[in-house]
Q: 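Questions regarding the structure given below will be posed in turn.
Both backbone and side-chain heavy atoms feed into the values below; hydrogens, waters and symmetry mates do not.
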Amino acid sequence: SADLTEIQALSMDAILKGKNSLLLSETGSGKTLCYVVPIINQIYKRLAQPENKNPMRGALILAPTKELCSQIYATFRKLDQEHIIRITRTGSIMHIAPVVHLLDQRIDPDQLREISQQNMVNALTWSEWDVVVSTPVKLDNLFSMKDKKDPYDVNPKTVVLDEYDLLLGEENIAKATTNILRRFAGVHKSHFGETNKERQFILCGATSPRKVGGINIQDEVKNWFVDL
């Protein structure tokens with residue numbers, strides 16, 4: 001279509017078919033729509049198949065900043081104006097137990113923080129959501145708490161790494177990203193094992209740097225995604 005940008009025209013068909021994809025294009029070229037549209041398509045199709053009981057469904061989207069998470073969230077909302085898709089940002093699940101706070105003004109701030117964290121973990125129930133958008137550090141933290149009760153709950157069909165060079169190369173973020181990839185992309189030492197091969201991975205970036213902060217990004221990508 002003449003309305004598609006170059007990166008959209010080149011990538012949309014493969015992504016709609018569920019193939020793993022690496023999208024490289026300058027900022028502002030419309031990469032976000034390259035994965036948002038196929039994810040919406042996947043979820044709409046799934047909703048039309050109530051008999052489909054496969055627990056692997058929906059999408060998990062990782063981005064390096066809360067600002068980018070907000071932009072991605074807004075893109076989904078703009079395209080899904082009837083709010084058919086249930087989407088959340090982990091940073092917005094801030095249930096800080098105001099009732100407890102009102103009942104007892106002397107409550108310990110650490111205890112309040114603990115209640116808030118537990119509410120966030122409880123809110124990250126996969127049956128409640130179709131799409132979760134998060135920074136890796138926030139999500140990795142929630143997973144570490146959630147694993148104590150239900151390590152198999154969050155089970156996305158599609159995993160997106162937006163600005164993957166930062167997610168894999170920025171020192172403060174890379175460890176959390178790697179933990180999440182070990183869970184959903186790794187075949188060994190993962191809760192899900194071989195079923196991880198059924199997931200779709202989409203990596204987006206403006207450039208494909210060889211190294212970021214001493215980490216060889218291209219090697220990292222090859223280690224995790226053999227068929228990109």
Q: Ignoring hydrogens, what is the shortest heavy-atom contact between T65 and T135? Give both atom names and the distance.
A: C-CG2, 3.8 Å

Q: May I ask you to decide if E128's main-chain N or O and T125's side chain share a donor-acceptor pair within less than 3.5 Å?
A: no

Q: Would you say that V154 contacts F184 through its side chain, given a criterion of any heavy-atom pair below 4.5 Å between the two side chains?
A: yes

Q: Please answer: with hydrophobic residues joined when any side-chain heavy atoms are less than 4.5 Å apart, are F143 and M56 in the same cluster?
A: no

Q: If you round to the nearest 0.5 Å, how far is CG of L167 from CG of D162?
A: 7.5 Å

Q: Only pairs under 3.5 Å count here: list side-chain donor-acceptor contacts from residues 8-15, not counting sequence neighbours, and write none if there are none.
A:
residue	atom	partner	partner atom	Å
Q8	OE1	T5	N	3.0
Q8	OE1	T5	OG1	3.4
Q8	NE2	G30	O	2.9
S11	OG	I7	O	2.7
D13	OD2	K17	NZ	3.2

Q: What's the spacing between R57 CZ and N52 CG if we round to 0.5 Å?
A: 10.0 Å

Q: Hydrophobic clustering (ILVMFWY, side-chain heavy atoms < 4.5 Å, transitive) - are V159 and V137 grouped together?
A: no

Q: Test side chain to side chain contact (heavy atoms under 4.5 Å, CB included) on V160 and L62 and set out the steps.
A: CA-CA 6 Å; V160 178; L62 299 177; over 6 Å; no

Q: Take a 6.0 Å sphere around CD of E6 and say whether it holds more than 12 heavy atoms from other residues, nucleotides or ligands.
A: no

Q: Has the side chain of W129 got a donor or acceptor atom that lies under 3.5 Å from a matching backbone atom of A59?
A: no

Q: Could you report the tightest heavy-atom contact between F192 and T195, atom names first, then the distance?
A: O-OG1, 2.7 Å

Q: Indicate yes or no for a side-chain donor-acceptor contact from K19 to the backbone of L16 under 3.5 Å, with no hydrogens or angles considered.
A: no

Q: Between NZ of K175 and CG of L168, what distance do you get to the nearest 0.5 Å?
A: 14.5 Å

Q: Would you say V133 and T88 make side-chain contact, with heavy atoms under 4.5 Å?
A: no

Q: Can any side-chain N or O of K146 pair as donor or acceptor with the backbone N or O of L124 at less than 3.5 Å?
A: yes

Q: Minimum heavy-atom separation for A63 and C69, please, with both atom names.
A: CB-SG, 3.9 Å

Q: Would the number of heavy atoms belonging to other residues, nucleotides or ligands and lying under 6.0 Å from CD of E51 be above 12?
A: yes

Q: Sort out for me which residue in T32, I87, D130 forms a side chain to side chain contact (heavy atoms under 4.5 Å, CB included) with F76.
A: I87

Q: Nearest 0.5 Å please: distance from the OH atom of Y35 over to the SG atom of C204.
A: 5.5 Å

Q: If you compare all heavy atoms of I85 against all heavy atoms of R77, which two are closest, and at what distance to 0.1 Å?
A: O-NH2, 3.3 Å

Q: Decide yes or no on salt bridge (Lys or Arg N to Asp or Glu O under 4.0 Å) for D147 and R183, but give the supporting numbers first.
A: CA-CA 11 Å; D147 279 352; R183 177 184 301 267; 2.8 Å; yes

Q: With a 3.5 Å distance limit and no angle check, can you tell me whether D153 reaches the backbone of W126 through a side-chain donor-acceptor pair?
A: yes

Q: Rounded at 0.5 Å granularity, tell me how far CD in E67 sits from CD in Q71.
A: 8.0 Å

Q: Would you say that L203 contacts S21 through its side chain, given a criterion of any heavy-atom pair below 4.5 Å between the two side chains?
A: no

Q: Which residue in the set N20, N155, L60, T158 passes side chain to side chain contact (heavy atoms under 4.5 Å, CB included) when paired with R199?
A: N155

Q: On a heavy-atom basis, which atom in Q81 and which in K78 lie closest, and how many Å separate them?
A: CG-O, 3.1 Å

Q: May I ask you to test the Y164-L22 pair for a side-chain heavy-atom distance under 4.5 Å?
A: yes

Q: Please report the interatomic distance NZ(K157) to CD1(I39), rounded to the nearest 0.5 Å.
A: 12.0 Å

Q: Would R89 and S134 count as a side chain to side chain donor-acceptor pair (under 3.5 Å) here? Give the steps.
A: CA-CA 6 Å; R89 294 162 290 163; S134 180; over 6 Å; no

Q: Would R46 and Y44 count as a cation-pi pair here, with the cationic atom under 6.0 angstrom from the ring centre and within 45° of the axis?
A: no

Q: L161 versus I202: any side-chain heavy-atom pair under 4.5 Å?
A: no

Q: Show your working on side chain to side chain contact (heavy atoms under 4.5 Å, CB included) between D80 and I43 and close with a plain yes or no.
A: CA-CA 11 Å; D80 177 48; I43 293 165; over 6 Å; no

Q: Could you walk me through whether V132 and I61 pass side chain to side chain contact (heavy atoms under 4.5 Å, CB included), step by step?
A: CA-CA 6 Å; V132 170; I61 301 170; over 6 Å; no

Q: Looking only at heavy atoms, which two atoms of E163 and P64 are closest? And how far apart?
A: OE1-CG, 3.5 Å

